[in-house]
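Shown next, in C-alpha coordinates, is the structure this report addresses.
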Amino acid sequence: MNLRVIEGGLAGAAEVPGFKVRVPRHEDVRREADRRLRRIGYDRWRSRQIATGAPMPREIRYQAMQIEFVAERLSTLPMIPTDYHSDIYWPA
(Lines give C-alpha, C1' and ligand atoms only; values in the text may rest on other atoms or scores of the structure.)
Protein backbone atom coordinates (compact mmCIF):
# COMPACT_ATOMS: atom_id res chain seq x y z
CA MET A 1 0.00 0.00 0.00
CA ASN A 2 1.43 3.37 -1.01
CA LEU A 3 0.60 6.38 1.10
CA ARG A 4 1.17 9.96 0.08
CA VAL A 5 0.93 13.21 1.99
CA ILE A 6 -1.77 15.38 0.50
CA GLU A 7 -0.65 18.99 0.60
CA GLY A 8 -2.90 22.00 0.52
CA GLY A 9 -6.24 21.17 2.06
CA LEU A 10 -8.44 23.98 3.31
CA ALA A 11 -5.50 26.28 3.93
CA GLY A 12 -4.87 26.54 0.23
CA ALA A 13 -8.49 27.09 -0.72
CA ALA A 14 -8.09 30.87 -0.82
CA GLU A 15 -5.34 30.54 -3.41
CA VAL A 16 -7.44 28.63 -5.94
CA PRO A 17 -8.38 30.92 -8.85
CA GLY A 18 -12.12 31.59 -8.99
CA PHE A 19 -12.67 30.55 -5.37
CA LYS A 20 -13.34 33.36 -2.92
CA VAL A 21 -13.31 32.93 0.84
CA ARG A 22 -16.02 35.03 2.44
CA VAL A 23 -14.82 36.93 5.49
CA PRO A 24 -17.32 36.65 8.36
CA ARG A 25 -18.93 39.89 9.52
CA HIS A 26 -20.58 41.10 12.70
CA GLU A 27 -24.02 40.28 11.25
CA ASP A 28 -23.00 36.66 10.69
CA VAL A 29 -22.00 36.26 14.33
CA ARG A 30 -25.24 37.92 15.46
CA ARG A 31 -27.25 35.54 13.26
CA GLU A 32 -25.46 32.55 14.80
CA ALA A 33 -26.14 33.86 18.31
CA ASP A 34 -29.82 34.36 17.47
CA ARG A 35 -30.00 30.82 16.09
CA ARG A 36 -28.55 29.43 19.30
CA LEU A 37 -30.95 31.51 21.41
CA ARG A 38 -33.89 30.18 19.38
CA ARG A 39 -32.60 26.64 19.88
CA ILE A 40 -32.78 26.95 23.67
CA GLY A 41 -36.23 28.58 23.48
CA TYR A 42 -35.13 31.88 25.00
CA ASP A 43 -37.86 33.99 23.34
CA ARG A 44 -40.58 31.68 24.61
CA TRP A 45 -39.25 31.78 28.17
CA ARG A 46 -38.78 35.55 28.06
CA SER A 47 -42.32 36.09 26.75
CA ARG A 48 -43.65 33.84 29.49
CA GLN A 49 -41.73 35.81 32.10
CA ILE A 50 -43.08 39.13 30.81
CA ALA A 51 -46.66 37.86 30.56
CA THR A 52 -46.94 35.95 33.82
CA GLY A 53 -44.17 37.32 35.99
CA ALA A 54 -42.87 33.79 36.57
CA PRO A 55 -39.07 33.80 36.42
CA MET A 56 -37.34 32.07 33.55
CA PRO A 57 -35.25 29.03 34.51
CA ARG A 58 -31.80 29.98 35.71
CA GLU A 59 -30.11 27.63 33.23
CA ILE A 60 -31.81 29.34 30.27
CA ARG A 61 -30.95 32.80 31.58
CA TYR A 62 -27.29 31.91 32.16
CA GLN A 63 -26.90 30.20 28.82
CA ALA A 64 -28.43 33.22 27.06
CA MET A 65 -25.97 35.49 28.90
CA GLN A 66 -23.08 33.29 27.80
CA ILE A 67 -24.26 33.28 24.19
CA GLU A 68 -24.56 37.07 24.20
CA PHE A 69 -21.08 37.39 25.70
CA VAL A 70 -19.52 35.14 23.05
CA ALA A 71 -21.31 37.02 20.27
CA GLU A 72 -20.03 40.34 21.60
CA ARG A 73 -16.46 39.10 21.99
CA LEU A 74 -16.32 37.42 18.57
CA SER A 75 -17.72 40.55 16.93
CA THR A 76 -15.03 42.75 18.43
CA LEU A 77 -12.13 40.63 17.20
CA PRO A 78 -10.04 42.27 14.47
CA MET A 79 -10.54 39.17 12.33
CA ILE A 80 -13.55 37.01 13.09
CA PRO A 81 -12.57 33.33 12.70
CA THR A 82 -14.05 31.65 9.64
CA ASP A 83 -15.28 28.83 11.88
CA TYR A 84 -17.11 31.22 14.24
CA HIS A 85 -20.16 28.93 14.18
CA SER A 86 -18.18 26.02 15.63
CA ASP A 87 -19.19 24.73 19.06
CA ILE A 88 -15.69 25.40 20.40
CA TYR A 89 -16.57 29.10 20.73
CA TRP A 90 -20.11 28.79 22.06
CA PRO A 91 -21.42 27.47 25.40
CA ALA A 92 -22.80 23.94 25.44
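Index from 1, following the sequence.
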Task: ILVMFWY network linking Met79 to Val23, side-chain heavy atoms under 4.5 angstrom - done: no
Open item on the list: Give me each pair satisfying salt bridge (Lys or Arg N to Asp or Glu O under 4.0 Å) with a member in residues 82-92, each pair once, sequence neighbours excluded.
Closed with: Arg36-Asp87
Task: salt bridge (Lys or Arg N to Asp or Glu O under 4.0 Å) partners for Arg38, two or more places apart - done: none
Task: Selection residues 56-70 - residue pairs positive for side chain to side chain donor-acceptor pair (under 3.5 Å), sequence neighbours left out - done: Arg30-Glu68
- [ ] Answer yes or no: is there a side-chain heavy-atom contact under 4.5 Å between Pro24 and Val29?
- [x] no
Task: Partner set under side chain to side chain donor-acceptor pair (under 3.5 Å) for His85, not counting sequence neighbours - done: none
TODO: For Glu72, check side-chain contact (heavy atoms from CB on, under 4.5 Å) against everything at least two apart and list the hits.
DONE: none
- [ ] Tell me, please, which residues at least two apart from Thr76 pass side-chain contact (heavy atoms from CB on, under 4.5 Å).
- [x] Arg73
Task: salt bridge (Lys or Arg N to Asp or Glu O under 4.0 Å) partners for Glu27, two or more places apart - done: Arg25
Task: CG on Leu37 to CD1 on Ile60, rounded to 0.5 Å - done: 10.0 Å
Which donor-acceptor pairs under 3.5 Å do side chains of residues 39-51 form with protein atoms, sequence neighbours excluded?
residue: Ser47; atom: OG; partner: Asp43; partner atom: O; Å: 2.9

Task: Heavy-atom closest contact (Ile67 atom, Ala33 atom, distance) - done: CG2-O, 3.8 Å
- [ ] For the residue pair Leu74 and Pro81, establish whether any side-chain heavy-atom pair is separated by less than 4.5 Å.
- [x] yes
- [ ] Identify the two heavy atoms, one from Tyr89 and one from Tyr84, that lie closest to each other, and give their separation to 0.1 Å.
- [x] CD1-O, 3.8 Å
